[in-house]
**Q** 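The structure under discussion is supplied below as structure tokens; questions concerning it will follow.
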Amino acid sequence: MSQRLPDFIEPYRLAETQRILTGALPVKRMKRLAPMLAGDTGEVYINLVFGVDETGQAYATGEVHTCVVMQCQRCMETMQVSINTKVSLAFVKMENQAQNLPSHYEPFIVDEEASLSDLVEDEIILALPAVPLHEPDQCSVKDQYRSSTPVSADVEPAGATQRQNPFAILETLRKKK
Ligand SMILES: [Zn+2]
């Protein structure tokens, strides 16, 4: 069983005491992420290491992974999208402090207490595919799509196994023109 994580944390205290937070949060609790999905079931697994670096900057680094439900933009059915993303946050009290941070940190502005889901929610949102699509062999409209658009034959086989890239499809269409 995963460790039960607190709803709210005190990032500066956790950093000073070099705490590690490992566990799961329900997707439901992420109020900005949940409406972007086709369902709010599932959990977000978090592994965050808090600390203070040599410049005295309080930070949290680690990984977040989850599997969310989105709607395939080709067949409009639901699909599972797995998200694995890294988190590297620096805690600052004022917005102007955020400008001087080393580039490997994302600023997180917090006075004292923060919602734990807020810490990782933005990273997950950024990692969501802009145009979620099934793998070609799992999409129910694949055959129809292929037979009606011969351009797909021009897509390199290597491209088909990668995460679908809508820009690659556009590029193919442009060449065909
Ligand atoms: Zn599909």
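Counting starts at 1 for both ligands and their atoms, in listed order.
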**Q** Do Cys72 and Pro132 come close enough that some side-chain heavy atom pair is under 4.5 Å?
**A**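 No, too far: nothing below the 4.5 Å cut-off.
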**Q** Partners of Leu128 by side chain to side chain contact (heavy atoms under 4.5 Å, CB included), sequence neighbours excluded?
**A**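 Only Leu33, Met36, Leu37, Val68, Met70, Ile83 meet the side chain to side chain contact (heavy atoms under 4.5 Å, CB included) criterion with Leu128.
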**Q** Check the orientation of Phe91 and Phe108. Use parallel for under 30°, tilted for 30 to 60°, and perpendicular for over 60°.
**A**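 Perpendicular: the ring planes of Phe91 and Phe108 meet at over 60°.
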**Q** With side chain to side chain donor-acceptor pair (under 3.5 Å) as the rule and sequence neighbours excluded, what pairs involving residues 50-65 come up?
**A**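 The answer is Asp53-Thr55, Asp53-Tyr105.
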**Q** Heavy-atom distance under 4.5 Å between the side chains of Arg13 and Phe50, does that happen here?
**A**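 Sidechains of Phe50 and Arg13: no contact.
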**Q** Please report the number of protein N, O or S atoms that lie less than 2.8 Å from the Zn ion (ligand 1).
**A**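 Those protein atoms number 4 in total.
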**Q** Check salt bridge (charged side-chain N to carboxylate O under 4.0 Å, His left out) between Glu121 and all other residues, then give those that pass, not counting sequence neighbours.
**A**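 Glu121 satisfies salt bridge (charged side-chain N to carboxylate O under 4.0 Å, His left out) with Arg32 only.
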